[in-house]
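See structure below.
Every chain is numbered from 1, with letters handed out A, B, ... down the list of sequences. On a predicted model such as this, the values are computed, not experimentally measured, just so you know.
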There are 2 protein chains.
Amino acid sequence: MKRRNTHQRQVILDILRQEHVHPTADQLYEEVKKAVPAISKGTVYRNLKILEEMGLINVLKLERNRHQYEYRRVNHSHFHCESCGAIFDIDVRFDAELDSNFISLTGFQVSHHNLEFHGLCQDCQNKQKNKTEEEPN
Amino acid sequence: MKRRNTHQRQVILDILRQEHVHPTADQLYEEVKKAVPAISKGTVYRNLKILEEMGLINVLKLERNRHQYEYRRVNHSHFHCESCGAIFDIDVRFDAELDSNFISLTGFQVSHHNLEFHGLCQDCQNKQKNKTEEEPN
DNA sequence: TTAGATGCAAAGGGTTTGCAACGTC
DNA sequence: GACGTTGCAAACCCTTTGCATCTAA
């Protein structure tokens, strides 16, 4: 199927192309409306699926029951804060040999891998610390 | 909150404790019914959430719009077939230093990481190969 | 001209939840 | 007896889809 270049799809991709942005479909919808007020949610969802098929964006499945989207960049992974849900982009180099190691160990044919780190971001660490100091046992 | 030890929760955990099992909530529900015919889906979902909080199981978010569950084991990652959706458990040793490398590089406080490889499993590779041979251009 | 894309609204489907009854400790 | 848990069914909410209309090429 020959894809056409629509204004709506272009706007969606432009928004995702900003660095360190990982909106949900709904947040994206609200953002796109500023440029294309008449856009419908269905169009957002359809285009997200198309852009994913085209390999231009990634789908992140970090939170329960909803997806987040990002522009596809090479060599980066994510840190996900378990408390506030924030996502940090991490430019990794330390996982460069994972795929080849995996292939030589298992014989599987690998197209790509997904690597996420989970923990507490600095803000949430501070909040926890303050809370503990305020309410000592 | 002090958790009680119910038959339903025990059966759910027992099923998940089998090796290489990654059922969806619905598949699990069907399976649990064999031992507890009157169980409801709500109970399955509630217990899955509780078992996750207790750190006894992991939630896999590989397929669109549904979760899969597994008993938590240390030091293993997954291979996910992009064609048939099968999940293979991989006992990894090659990612042992990921967390410490990540911490020393970024300063984040890491509790754990999630590593998935994606590609084609052997069966699906063969199917593709046969198809190509049957229908040459 | 024509097939892909859009807007709208309804439908789908996995997951959550309110409530009365029940079971564990 | 207290309170966590269950079954049931309805509600939720994110996502998909059918259809008439529009539009990029």
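One finds no salt bridge joining A:Glu52 and A:Lys49 here, because no Lys/Arg side-chain nitrogen approaches an Asp/Glu carboxylate oxygen to under 4.0 Å.
Remark: C1' of C:dA5 and CG of A:Leu13 are 16 Å apart, rounded to the nearest angstrom. Rounded to whole Å, the distance from NZ on A:Lys41 to P on D:dC14 is 7 Å.
Of the residues in residues 57-70 of chain B, those placing a heavy atom less than 4.0 Å from an atom of DNA chain C are B:Asn65, B:Arg66, B:His67, in numerical order. For the segment residues 21-35 of chain B, the set of residues with a heavy atom within less than 4.0 Å of an atom of DNA chain D is empty.
Residues passing the side-chain contact (heavy atoms from CB on, under 4.5 Å) test with B:Ser104: none are found, sequence neighbours excluded. The side-chain hydrogen bond (donor to acceptor under 3.5 Å, both in side chains) search around A:Arg72 returns A:Asn58, not counting sequence neighbours. Listed by chain and residue number, B:Cys121 satisfy the side-chain contact (heavy atoms from CB on, under 4.5 Å) test with B:Asp123 (two or more places apart in sequence, or in another chain). A search for side-chain hydrogen bond (donor to acceptor under 3.5 Å, both in side chains) contacts involving B:His7 returns nothing, not counting sequence neighbours. For A:His118, the ring-ring contact (aromatic ring centres under 6.0 Å, His included) partners at least two apart in sequence or on another chain are A:His80, B:His112. Legend: residues meeting side-chain contact (heavy atoms from CB on, under 4.5 Å) with B:Glu19, ordered by chain and number and at least two apart, are B:Arg73.
When hydrophobic side chains of Ile, Leu, Val, Met, Phe, Trp and Tyr are connected at separations under 4.5 Å, A:Ile87 ends up clustered with A:Leu60, A:Leu62. Hydrophobic cluster membership for A:Val11: A:Ile12, A:Leu13, A:Ile15, A:Leu16, A:Leu28, A:Tyr29, A:Val32, A:Val36, A:Ile39, A:Val44, A:Leu48, A:Ile50, A:Leu51, A:Met54, A:Leu56, A:Ile57, A:Val59, A:Tyr69, A:Tyr71 (Ile, Leu, Val, Met, Phe, Trp, Tyr linked by side-chain heavy atoms under 4.5 Å, directly or transitively). Hydrophobic cluster of B:Leu120: no remaining members, since no ILVMFWY side chain lies below 4.5 Å from it.
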What does the list of N/O pairs under 3.5 Å between the protein and nucleotides 3-6 of chain D look like, with a distance for each?
residue	atom	partner	partner atom	Å
D:dC3	O2	B:Arg4	NH1	2.8
D:dC3	O2	B:Arg4	NH2	2.6
D:dG4	N3	B:Arg4	NH1	3.2
D:dT5	OP1	B:Arg4	N	3.2
D:dT5	OP1	B:Arg9	NH1	3.2
D:dT5	OP1	B:Arg9	NH2	2.9
D:dT5	OP2	B:Arg3	NH1	2.5
D:dT6	OP1	B:Thr6	OG1	2.8
D:dT6	OP1	B:Asn47	ND2	3.3
D:dT6	OP2	B:Asn47	ND2	3.4
D:dT6	O3'	B:Gln8	NE2	3.2

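OP1 or OP2 of D:dT16 lies within a sub-4.0 Å distance of a side-chain N or O belonging to A:Lys49. Residue A:Tyr45 has a polar side-chain atom (N or O) positioned under 4.0 Å from OP1 or OP2 of D:dT15.
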